[in-house]
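Working notes, structure below.
In what follows, every heavy atom counts, from backbone to side chain, and hydrogens, waters and symmetry copies are set aside. It should be emphasised that the depicted structure is a prediction, and the values quoted were computed from it without experimental measurement. In this chain, numbering begins with 1 at the start of the sequence shown. Read the numbers this way: they start at 1 and go in the same order the structure lists the ligands and their atoms.
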Amino acid sequence: MLQLDKVSVDYGSFRALDNVSLHAKQGELVVLLGANGAGKSSIFLTISGLNRPKTGSIRFGDKELTGSKPSKIVHDGVVHCPEGRKLFPGMSVLKNLMLGGYVHRSDKAGLQRTLDEVFSMFPILKEKKDLPAGSLSGGQQQMVAIGRALMGRPKALLLDEPSLGLAPLVVNQVFDIIQRINKAGTTVLLAEQNAYAALNIADRGYVIESGRIVMEGSRSELLNNEEVRKAYIGA
Ligand SMILES: Nc1ncnc2c1ncn2[C@@H]1O[C@H](COP(=O)(O)OP(=O)(O)OP(=O)(O)O)[C@@H](O)[C@H]1O
Ligand SMILES: [Mg+2]
């Protein structure tokens, strides 16, 4: 179980997260819904050790993540696939993928096995492994970003707006992939603007507004909630 307990984060004098408590049980797919600037990415940056919480704690299973280095957090099984993909466009697809496996670099055989798994999940990336990542289509670049995160061998995967900027058909493919990763046993925390598609594959979700959790519910509770429908689904 991944658990945030009363986490607050400040950027200078601005409180970006205020007493955020949330959790994802092992194997769950949990969605974070919120408008632009609500604090979704701040939650992910804080879990992955790139932001330091002012108050509160973050735990994963029996491990205390609060204040740990980002590389230690990956070692502990929590891997972040950032908003906007953050690939190295001039580097090959293969090199981008291998960066995600950096924390496991002493385990060469294990890395090769993980790479083979990533290539079997994304055959197109095997075909294009020697091309610069920046030459791929948007959807393929998102596959590189997800593949790179998988190279870290996540037990819990944090996906920040993976469908952003993709064509509708490609969005469906990305959601299929996320569902497959989750069904194979990986816990997923997913931030999405595409609320309807995200809720459809989710077990539960949270709504965040101005740095606060304002609602929590199961997939059906959120899908059927009037306010959620008005604000995030538009129906
Ligand atoms: N490094 C920073 N310094 C100052 N303010 C920041 C910083 N990063 C984010 N913020 C502010 O914190 C708030 C939360 O931002 P965050 O990026 O977490 O939101 P978000 O829900 O991910 O939004 P989006 O949907 O646009 O990705 C926003 O008001 C944003 O302007
Ligand atoms: Mg964001």
Side-chain angles (χ1 to χ4, degrees), residues 2-24 29-58 65-70 73 78-87 138-139 141-146 148-149 154 156-168 170-171 174-175 177-178 187-202 204-217 222 225 227-234:
L2 176 65
Q3 186 153 29
L4 278 69
D5 190 29
K6 300 198 180 93
V7 169
S8 296
V9 168
D10 295 340
Y11 296 122
S13 61
F14 175 69
R15 176 139 292 196
L17 296 180
D18 189 17
N19 259 312
V20 168
S21 297
L22 59 83
H23 69 273
L29 197 161
V30 175
V31 171
L32 298 183
L33 300 179
N36 287 328
K40 305 177 296 297
S41 296
S42 296
I43 290 174
F44 286 174
L45 291 165
T46 308
I47 296 170
S48 59
L50 298 165
N51 279 345
R52 210 164 251 273
K54 189 87 174 181
T55 66
S57 71
I58 304 165
L65 304 187
T66 330
S68 289
K69 284 195 304 191
I73 292 169
V78 180
V79 182
H80 181 193
C81 183
E83 183 176 334
R85 317 199 245 281
K86 304 279 170 16
L87 301 179
Q141 290 192 33
Q142 186 58 55
M143 291 175 198
V144 178
I146 294 173
R148 180 182 57 188
L157 179 60
L158 315 177
L159 287 168
D160 197 353
E161 308 219 23
S163 78
L164 199 68
L166 302 179
V170 184
V171 169
V174 168
F175 277 97
I177 288 160
I178 295 167
T187 305
V188 174
L189 199 55
L190 171 65
E192 263 295 335
Q193 302 273 343
N194 210 326
Y196 184 70
L199 282 172
N200 263 313
I201 62 168
R204 288 189 305 115
Y206 295 89
V207 178
I208 171 161
E209 280 173 12
S210 307
R212 295 203 178 111
I213 304 286
V214 295
M215 204 183 294
E216 173 189 1
L222 293 176
N225 183 284
E227 288 166 53
V228 171
R229 294 185 76 84
K230 265 197 207 135
Y232 303 104
I233 299 175

Exercise. Looking at side-chain heavy atoms only, is the closest gap between S163 and F175 below 4.5 Å?
Worked result: yes
Problem set entry | Backbone N/O of R85 and side chain of R148: donor-acceptor pair under 3.5 Å | yes
Exercise. Hey, is the main chain of I208 close enough, under 3.5 Å, to the side chain of K40 for a donor-acceptor pair?
Worked result: no
For this session: Write down, by chain and number, every protein residue that brings a non-hydrogen atom to less than 4.0 Å from an atom of ligand 1.
Result: Y11, F14, A16, A35, N36, G37, A38, G39, K40, S41, S42, E83, E161, Q193
Exercise. Taking atom types as modelled and ignoring hydrogens, do the side chains of T55 and S8 form a donor-acceptor contact shorter than 3.5 angstrom?
Worked result: yes
Exercise. Is there side-chain contact between L22 and V20, with heavy atoms separated by less than 4.5 Å?
Worked result: yes
Problem set entry | Closer than 2.8 Å to the Mg ion (ligand 2) - protein N, O or S atoms, ordered by chain and residue number | S41 OG, E83 OE1
Problem set entry | Neighbour count above 12 (heavy atom, 6.0 Å) for R15 CZ | yes
Problem set entry | Heavy-atom donor-acceptor pair, Y206 side chain to V214 backbone, under 3.5 Å | no
Seminar exercise, completed: Of all heavy-atom pairs linking Q142 and C81, the shortest is NE2-SG, 4.0 Å
Problem set entry | Minimal non-hydrogen separation, E83 against K86, with atom names | O-NZ, 3.1 Å
